[in-house]
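Taking it in order: structure first as structure tokens, then the write-up.
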Amino acid sequence: MSDNITIRELEFVPLLSEKQVQDRVAELGEALTERYGGSNPLFISILSGAFVFASDLMRQFRADCEVGFVKLSSYSGTRSSGSVQTVMGLEKELKGRHLIVLEDIIDTGRTLHFFLDHLRGQEPASICTVTFLRKPDAAEFPVQVDYVGFDIGNEFVVGYGLDYEGIGRNLPGVYVHNE
Ligand code: XMP
Ligand code: MG
């Protein structure tokens with residue numbers, strides 16, 4: 001396995017190797033091909049973190065498919081839940097489509113909870129959610145999760161699309177902050 005790394009004075013230790021990641025992504029691709037092959041699903045990648053996962057997973061999907069990208073921005077300071085989000089960039093018609101939503105990581109579940117609500121309003125034929133990582137101990141919002149790459153502890157991770165202050169997205173494996 002690879003060595004520890006340092007990003008802006010924080011130390012990270014290896015958690016998942018490139019091979020572990022790629023093997024799991026291939027399994028997920030196979031499962032999705034079995035379920036959605038022939039229905040031309042629309043992959044929706046949530047930016048920025050999920051772009052690496054989306055890129056690899058799509059290439060393990062062995063049938064026709066499309067991809068779209070969406071950026072979610074949150075505004076704090078509202079009275080109720082403390083966060084309202086807007087959706088930018090999703091210009092495709094979703095009505096009647098089979099949607100496969102791709103996330104890099106589910107932490108509290110806030111991002112996906114909100115976004116799924118938004119998608120349901122567009123009358124898609126179906127919605128499936130796939131997250132590369134999930135932190136079960138951090139869950140606060142109920143979310144439908146159909147496929148999970150790996151469950152991890154409630155710790156900060158970088159690599160494979162995930163960053164610390166913008167750095168680390170290009171790492172082929174996943175590293176966890178060593179506290
Ligand atoms: P929620 O709480 O909405 O969080 O489920 C999901 C978003 O939070 C970010 N996040 C992380 N980013 N390492 C990161 O680089 C982490 O350990 C981590 N935990 C949460 C991420 O942007 C994700 O989409
Ligand atoms: Mg980030």
Side-chain angles (χ1 to χ4, degrees), residues 1-18 20-22 24-25 28 42-58 67-78 80-90 99-121 127-179:
M1 196 107 165
S2 44
D3 294 329
N4 294 0
I5 56 167
T6 302
I7 302 177
R8 302 196 198 280
E9 264 89 81
L10 285 195
E11 197 182 0
F12 291 84
V13 301
L15 180 67
L16 300 167
S17 68
E18 178 174 9
Q20 282 175 291
V21 169
Q22 291 304 328
R24 184 69 185 125
V25 171
L28 292 172
L42 173 63
F43 286 91
I44 299 178
S45 168
I46 302 179
L47 294 174
S48 301
F51 83 101
V52 175
F53 180 47
S55 164
D56 282 348
L57 185 59
M58 266 194 85
V67 65
F69 298 89
V70 66
K71 183 112 188 157
L72 306 178
S73 71
S74 48
Y75 296 100
S76 51
T78 56
S80 53
S81 68
S83 170
V84 170
Q85 304 206 42
T86 53
V87 177
M88 290 170 291
L90 203 53
L99 309 181
I100 304 177
V101 178
L102 305 181
E103 250 293 35
D104 52 352
I105 187 164
I106 298 176
D107 190 313
T108 64
R110 182 198 300 275
T111 308
L112 206 53
H113 177 81
F114 159 76
F115 186 51
L116 291 177
D117 253 9
H118 173 85
L119 290 180
R120 285 186 198 106
I127 303 178
C128 161
T129 60
V130 187
T131 187
F132 172 55
L133 300 176
R134 177 174 64 178
K135 297 179 181 177
D137 297 340
E140 285 178 35
F141 294 80
V143 279
Q144 166 208 340
V145 187
D146 298 285
Y147 299 92
V148 177
F150 301 92
D151 275 326
I152 63 169
N154 196 2
E155 294 168 303
F156 191 77
V157 293
V158 296
Y160 203 66
L162 293 149
D163 70 300
Y164 173 56
E165 293 189 356
I167 305 294
R169 295 193 198 275
N170 58 327
L171 295 165
V174 176
Y175 294 75
V176 59
H177 177 41
N178 186 9
E179 287 177 272

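Residue numbers start at 1 and run along the sequence shown. If you're wondering where the values come from, they're calculated on a predicted model, not measured in any experiment. Only heavy atoms go into these numbers, but all of them, side chains included; no hydrogens, no water, no symmetry mates. Ligands are counted one by one from 1 in listed order, and the atoms in each one are counted from 1 as well.
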| said: Any nitrogen or oxygen of Gly109 lying under 3.5 Å from a nitrogen or oxygen in ligand 1? Just yes or no. | reply: yes
| Strictly under 4.0 Å, does any heavy atom of Gly49 approach an atom of ligand 1? | no
| message | Under 4.0 Å from a heavy atom of Phe156: which atoms of ligand 1 are those, numbered in the order shown and with their elements? | response | 13 (N), 14 (C), 15 (O), 16 (C), 17 (O)
| field | Residue-ligand contact Glu140/ligand 1, heavy atom below 4.0 Å | value | no
| message | What's the separation between atom CG in Leu28 and atom OG1 in Thr131, rounded to the nearest 0.5 Å? | response | 10.0 Å
| Touching ligand 1 at all, Glu155? Heavy atoms, strictly under 4.0 Å? | yes
| said: Quick check: closest heavy atoms across Leu133 and Val157, and the distance to 0.1 Å? | reply: CD1-CG2, 3.8 Å
| Which is it for Lys135 and ligand 1 at heavy atoms under 4.0 Å: side chain, backbone, both or neither? | side chain
| said: Between ligand 1 and Val157, is the shortest N or O to N or O distance under 3.5 Å? | reply: yes
| said: Checking side-chain polar atoms at under 3.5 Å, does Ser48 have a donor or acceptor matched by the opposite partner on Lys71? | reply: yes
| Just by distance, do the side chain of His177 and the backbone of Glu11 share a donor-acceptor pair under 3.5 Å? | yes
| query | Does ligand 1 have a heavy atom under 4.0 Å from the side chain of Asp104, from its backbone, from both, or from neither? | reply | side chain
| request: Mind telling me whether Phe53 and Phe132 have parallel, tilted or perpendicular rings, with 30° and 60° as the class edges? | output: tilted
| message | Under the criterion ring-ring contact (aromatic ring centres under 6.0 Å, His included), I'd like the reasoning laid out for Tyr175 against Phe12: C-alpha separation, chi angles, the key distance, then a yes or no. | response | CA-CA 6 Å; Tyr175 294 75; Phe12 291 84; 7.7 Å; no
| Can you check side chain to side chain contact (heavy atoms under 4.5 Å, CB included) on Ile152 and Val176, steps first, answer last? | CA-CA 10 Å; Ile152 63 169; Val176 59; over 6 Å; no
| What are the atoms of ligand 1, with element, lying closer than 4.0 Å to any heavy atom of Thr111? | 1 (P), 3 (O), 4 (O), 6 (C)
| message | If the cut-off is 4.0 Å to any non-hydrogen atom of Arg110, which atoms of ligand 1 fall inside it? | response | 1 (P), 3 (O), 5 (O)
| Counting from 1, what ligand 1 atoms have a heavy atom of Asp163 closer than 4.0 Å? | 14 (C), 15 (O)
